[in-house]
Amino acid sequence: MKKILIIYTGGTIGMVRTPDGYAPKSGYFRSALDAIPSLHSPDMPEWELYEKEPLLDSANMTVTEWNQIAKLIAESYDMYDGFVVLHGTDTMAYTASALSFIFENLGKPIVLTGSQIPLCEVRSDGRDNLITSILIAADEYVHEVCLYFGGHLLRGNRAMKYSADGLIAFHSPNYPLLAEAGIAIRYNSDALWPKPEGPLRIRLLESFPIGVIKVFPGIQFPLFEQIMTEKLRGIVIETFGAGNIPGNGSALLPIIRRASENGTVLVVCSQCPQGTVYLGTYETSSGLTRAGAVSGYDMTTEAAVAKLYYLFSCGYDNETIKKMMERNLRGEMRD
Ligand code: ASP
């Protein structure tokens, strides 16, 4: 009989109504699970629940909580066949991306899920999300960190929260679904990460000062010079389309050049969810590479942020980090 560890970190799925709106309540979640008969069916794998303390709205997740979840999984890795992490939807794609870098040679499924409607409500989407995630965690097809939501299994570091209120809340615009749950769970074997050869390795993250800037028409770049000091270790610049910045870059490029000389790693991602950054396709992007920025290609901003934390935590020098930002490590970008 397969055995799954469910880690409840907080988020809507286990929240209850309070006078200030939905909030997690310590100890409530176990009773909510006890009230779902299918979870105790003989067709379900055996599972155990670990409730994290304190329970969080995922807006409050930080590198510290990512490390705590990772440590818990690493410490119980040999005792379970798979892991389900119940998490708020708001930053689930960031946590999924971070876990994907923390673990190398992952041989067991780590499935993140949650819900848009709490289990305490009659129309909750949490029941299916939880039950199907447990079944996926007990199957032997997945060897990576993934995210299950609304019938879709996505690669964790390719996922992004797409809808604030829809029940299919996550998309993975640059990577196919890993599985679709209809009457049966249909896995897409071509898209799944292969079973690793080496032993599991874990690299906990440190909280480095990094940033994200989204460009917009009329942006006054000199204002950003004040945050681009030598203290800033890395920055993700969300550009238009395939990597374009306004004003032929005349205002931004000198700032980028200076930041790069100061030792900041600058990564270019696109504001378009689908497609890839190609620096040099247009005049408005060609100066970015010369100024020292690197391409995030088709990576999500969530994955780029997590990858920066990871590479800095590995202790590499800046040139190595720049090279590795452009290289596919865990399926987060095209090869
Ligand atoms: N604010 C909640 C959270 O991210 C939203 C949710 O879980 O859907 O924790």
Side-chain angles (χ1 to χ4, degrees), residues 6-33 35-36 39 49-70 72-73 83-100 110-134 136-137 145-172 181 205 207 212 273 300-303 305-306 309:
I6 302 172
I7 302 170
Y8 176 49
T9 68
T12 295
I13 189 162
M15 288 189 183
V16 291
R17 288 187 210 179
T18 76
D20 294 325
Y22 289 123
K25 185 174 160 204
S26 170
Y28 157 79
F29 195 66
R30 192 173 291 278
S31 59
L33 296 194
I36 302 176
L39 278 176
L49 174 69
Y50 176 92
E51 184 171 300
K52 225 178 136 313
E53 188 53 45
L55 295 170
L56 292 182
D57 184 299
S58 76
N60 296 320
M61 283 275 166
T62 66
V63 170
T64 306
E65 284 77 28
W66 295 345
N67 284 339
Q68 289 167 349
I69 298 167
L72 184 61
I73 293 174
F83 301 85
V84 173
V85 179
L86 296 173
H87 195 287
T89 57
D90 288 342
T91 66
M92 196 186 291
Y94 286 92
T95 302
S97 298
L99 292 174
S100 79
I110 299 179
V111 189
L112 279 86
T113 194
S115 72
Q116 293 279 55
I117 308 174
L119 281 174
C120 66
E121 303 290 350
V122 282
R123 283 190 59 245
S124 177
D125 51 333
R127 273 176 284 276
D128 170 64
N129 285 348
L130 174 58
I131 290 167
T132 306
S133 294
I134 295 173
I136 290 169
V145 178
C146 53
L147 190 157
Y148 176 79
F149 218 92
H152 293 166
L153 185 71
L154 312 174
R155 173 162 292 165
N157 55 30
R158 292 291 199 147
M160 51 171 61
K161 186 170 177 184
Y162 157 83
S163 173
D165 53 15
L167 299 187
I168 302 178
F170 289 86
H171 276 191
S172 145
L205 305 185
S207 187
V212 177
T300 61
T301 297
E302 292 87 330
V305 164
Y309 278 127

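Atoms within a ligand are numbered from 1 in the order they appear, just like the ligands themselves. Numbering starts at 1 and runs along the sequence shown.
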J.: Taking atom types as modelled, find out whether Glu65 and Thr62 have a side-chain donor-acceptor pair closer than 3.5 angstrom.
T.: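 A pair is found: one side chain offers a donor N or O, the other an acceptor, under 3.5 Å apart.
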J.: Step by step, work out the side-chain contact (heavy atoms from CB on, under 4.5 Å) result for Gln116 and Thr12.
T.: CA-CA 6 Å; Gln116 293 279 55; Thr12 295; 5.9 Å; no
J.: So, taking the atom named OG1 in Thr113 and the one named CZ in Phe170, what distance separates them when rounded to the nearest 0.5 Å?
T.: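 One finds 8.5 Å between OG1 of Thr113 and CZ of Phe170.
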J.: Please round to the nearest 0.5 Å and tell me the distance separating atom OH of Tyr309 and atom OH of Tyr94.
T.: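 Going from OH on Tyr309 over to OH on Tyr94, the span is 9.5 Å.
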J.: Show me a pair-per-line table, with atom names and distances to 0.1 Å, of protein N or O atoms that are under 3.5 Å from an N or O of ligand 1.
T.:
| unit_1 | atom_1 | unit_2 | atom_2 | d |
| --- | --- | --- | --- | --- |
| ligand 1 | 1 (N) | Asp57 | OD1 | 3.1 |
| ligand 1 | 1 (N) | Asp57 | OD2 | 2.9 |
| ligand 1 | 1 (N) | Asp90 | OD2 | 2.8 |
| ligand 1 | 4 (O) | Ser58 | OG | 2.5 |
| ligand 1 | 4 (O) | Thr89 | N | 3.3 |
| ligand 1 | 4 (O) | Asp90 | N | 3.0 |
| ligand 1 | 4 (O) | Asp90 | OD2 | 3.4 |
| ligand 1 | 7 (O) | Thr12 | N | 2.9 |
| ligand 1 | 7 (O) | Thr12 | OG1 | 2.9 |
| ligand 1 | 7 (O) | Thr89 | N | 3.0 |
| ligand 1 | 8 (O) | Thr12 | OG1 | 3.0 |
| ligand 1 | 8 (O) | Thr89 | OG1 | 2.4 |
| ligand 1 | 8 (O) | Ser115 | O | 3.3 |
| ligand 1 | 9 (O) | Asp57 | OD1 | 3.3 |
| ligand 1 | 9 (O) | Ser58 | N | 2.7 |

J.: Classify the angle between the aromatic ring planes of Phe29 and Tyr8 as parallel (below 30°), tilted (30 to 60°) or perpendicular (above 60°).
T.: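 The arrangement is parallel - the two ring planes meet at less than 30°.
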J.: Nearest 0.5 Å, what's the CD1-NE2 distance between Ile69 and His87?
T.: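 So the gap between those two atoms works out to 5.0 Å.
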